[in-house]
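Inspection log for the structure reproduced underneath, given as structure tokens.
In what follows, chains carry the letters A, B, and so on, assigned in the order in which the sequence lines appear, proteins first and then strands, with residues in each chain numbered from 1. All of these numbers come straight from a predicted model, not from anything done at the bench.
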There are 2 protein chains.
Amino acid sequence: MSVYTPGQVAEETGFSLDTLRYYERIGLLEPIERNAAGQRRFNDSHLSWLGMVRCLRGTGMSIAEMIRFAQLVRGGDGTIEERIALLESHDREVEQQIAELKEQQDAIQRKIRYYRDVLALAANPASCQAAEPAGTVETVGADASSR
Amino acid sequence: MSVYTPGQVAEETGFSLDTLRYYERIGLLEPIERNAAGQRRFNDSHLSWLGMVRCLRGTGMSIAEMIRFAQLVRGGDGTIEERIALLESHDREVEQQIAELKEQQDAIQRKIRYYRDVLALAANPASCQAAEPAGTVETVGADASSR
DNA sequence: ATGGCACCTGGAGTGGGCTCCAGGTCAAGG
DNA sequence: CCTTGACCTGGAGCCCACTCCAGGTGCCAT
């Protein structure tokens with residue numbers, strides 16, 4: 001079990017020194033042990049926890065909820081059901097996020113195709129494509145402003 | 001082509017009245033026509049544009065970049081190539097976002113399974129599962145703090 | 001002993017994206 | 001005539017998640 005300087009941790013995790021200190025301040029990281037000079041010495045369990053933090057942040061969990069999770073983790077094995085519940089709920093949110101993102105990506109791609117058609121039509125006014133993407137309210141629509 | 005009050009637009013698009021005014025102020029919405037009393041009257045092209053805005057915002061495009069896109073749209077047909085380029089670049093970012101989200105979701109699900117195993121092991125200390133999720137650095141790891 | 005470097009602290013500042021507020025205008029209804 | 005409600009304006013305020021800063025400590029190499 002190695003020990004790491006703040007600089008190394010920043011390097012490895014991608015969090016800035018300031019962010020690491022900030023995370024400790026707000027209790028997202030438990031108080032980090034110090035060497036004689038008062039400098040932080042991180043260990044593998046911190047690295048691993050920071051990996052989790054990165055993952056949760058990256059999927060949109062708020063700092064507040066991560067702190068809640070951190071408290072459960074510190075609360076010991078009795079909190080495992082609660083941790084599962086929290087992660088499952090988050091997992092469902094991520095699922096939803098992905099679904100929405102895909103839908104919206106689809107709309108963007110339809111829009112791109114529409115623009116392509118407009119361009120093609122301008123170059124070759126023979127064919128008769130380029131009607132508005134067509135769809136429900138969710139059309140995301142014509143610019144209706146190419147005056 | 002109908003005309004809509006701010007209240008109706010807020011209702012339909014999910015943007016608040018304040019947000020609609022804000023978007024107009026910053027140029028994300030072109031100046032909206034007014035009735036005699038100075039109240040905004042939106043039309044279908046505004047609704048459609050707001051749909052686009054919702055889609056771009058929802059996929060993480062910044063306000064600044066949306067304003068850039070809005071300017072292109074106002075710039076007329078000569079800007080279509082640029083619009084395609086902008087949307088394609090955004091589309092790639094969305095693709096990446098989805099990929100990352102999936103990876104991270106996977107890690108979360110592994111963590112959930114790990115917790116489940118811990119629970120199972122506690123209930124039935126016969127079987128020998130519940131090793132750490134196993135993997136590369138990306139393990140997202142043990143809490144290593146269930147002291 | 002002098003400089004440089006990595007780190008420390010408490011606290012202030014930043015940027016993005018809204019959100020709220022006070023005070024005012026109009027139109028319709030009782 | 002008075003209220004109510006939907007809307008208007010300019011400008012201030014808010015929340016989140018950092019990020020920056022000034023001033024200081026300890027250690028090592030020149």
If I take atom [atom1] in residue [X] and atom [atom2] in nucleotide [N], what distance separates them, rounded to the nearest angstrom?
X	N	atom1	atom2	result
A/Arg54	D/dC18	CZ	P	9 Å
A/Met66	D/dC16	CE	C1'	12 Å
A/Asn35	C/dA6	CG	P	15 Å
A/Leu20	C/dT9	CG	C1'	16 Å
B/Phe42	D/dA6	CZ	C1'	13 Å
B/Ile32	D/dC7	CD1	C1'	14 Å
A/Tyr22	D/dA17	OH	P	6 Å
A/Ile67	D/dA17	CD1	P	9 Å

If you assign A/Phe15 and B/Ala37 each to the DNA chain D nucleotide with the nearest heavy atom, which residue ends up on the more 5' nucleotide?
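Looking at DNA chain D, the more 5' nearest nucleotide goes with B/Ala37.
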Which residue, B/Arg25 or A/Met61, contacts DNA chain D at a nucleotide closer to its 5' end, judged by nearest heavy atom?
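Going by which nucleotide is closer to the 5' end, it is B/Arg25.
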Could you check which of [options] has an atom nearest any side-chain atom of [X]?
X	options	value
A/Gln39	D/dA17, D/dC7, C/dA6	C/dA6
B/Ser16	C/dT19, C/dC7, D/dC18	C/dT19
B/Ile63	C/dC7, D/dC8, C/dG17	C/dG17
A/Ser62	D/dA17, C/dC7, C/dT19	D/dA17

Below the 4.0 Å mark, does [N] have OP1 or OP2 next to a side-chain nitrogen or oxygen of [X]?
X	N	result
B/Thr19	C/dG17	no
B/Arg40	D/dC7	no
A/Thr5	C/dC7	yes
A/Tyr23	D/dA17	no
B/Arg34	C/dC26	no

Closest contact, heavy atoms only, B/Val73 versus B/Thr79
N-OG1, 4.4 Å
Enter the distance from B/Tyr4:OH to B/His46:NE2 here, rounded to the nearest 0.5 Å.
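The distance works out to 11.5 Å.
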Which of these passes salt bridge (charged side-chain N to carboxylate O under 4.0 Å, His left out) with B/Arg40: B/Glu24, B/Glu30, B/Glu33?
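With B/Arg40 as partner, B/Glu24, B/Glu30, B/Glu33 yield a single salt bridge (charged side-chain N to carboxylate O under 4.0 Å, His left out), made by B/Glu24.
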Tell me if a side-chain donor or acceptor on B/Thr13 pairs with a main-chain N or O of B/Val9 at a distance below 3.5 Å.
yes
Whether B/Arg34 side chain and B/Ile32 backbone form a donor-acceptor pair below 3.5 Å
yes
Base, sugar-phosphate alone, or nothing: which one does [X] contact when heavy atoms must sit under 4.0 Å apart?
X	value
B/Arg21	base
B/Arg57	sugar-phosphate
B/Arg41	nothing

A/Arg110 with A/Asp106: basic N within carboxylate O range, under 4.0 Å:
yes
Once hydrogens and angles are ignored, does a donor-acceptor distance under 3.5 Å link the base of C/dC20 to the side chain of B/Asp18?
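Side chain to base: pair present.
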Residue pair B/Ala36/B/Ala64 against DNA chain C: nearer the 5' end by closest nucleotide is B/Ala64
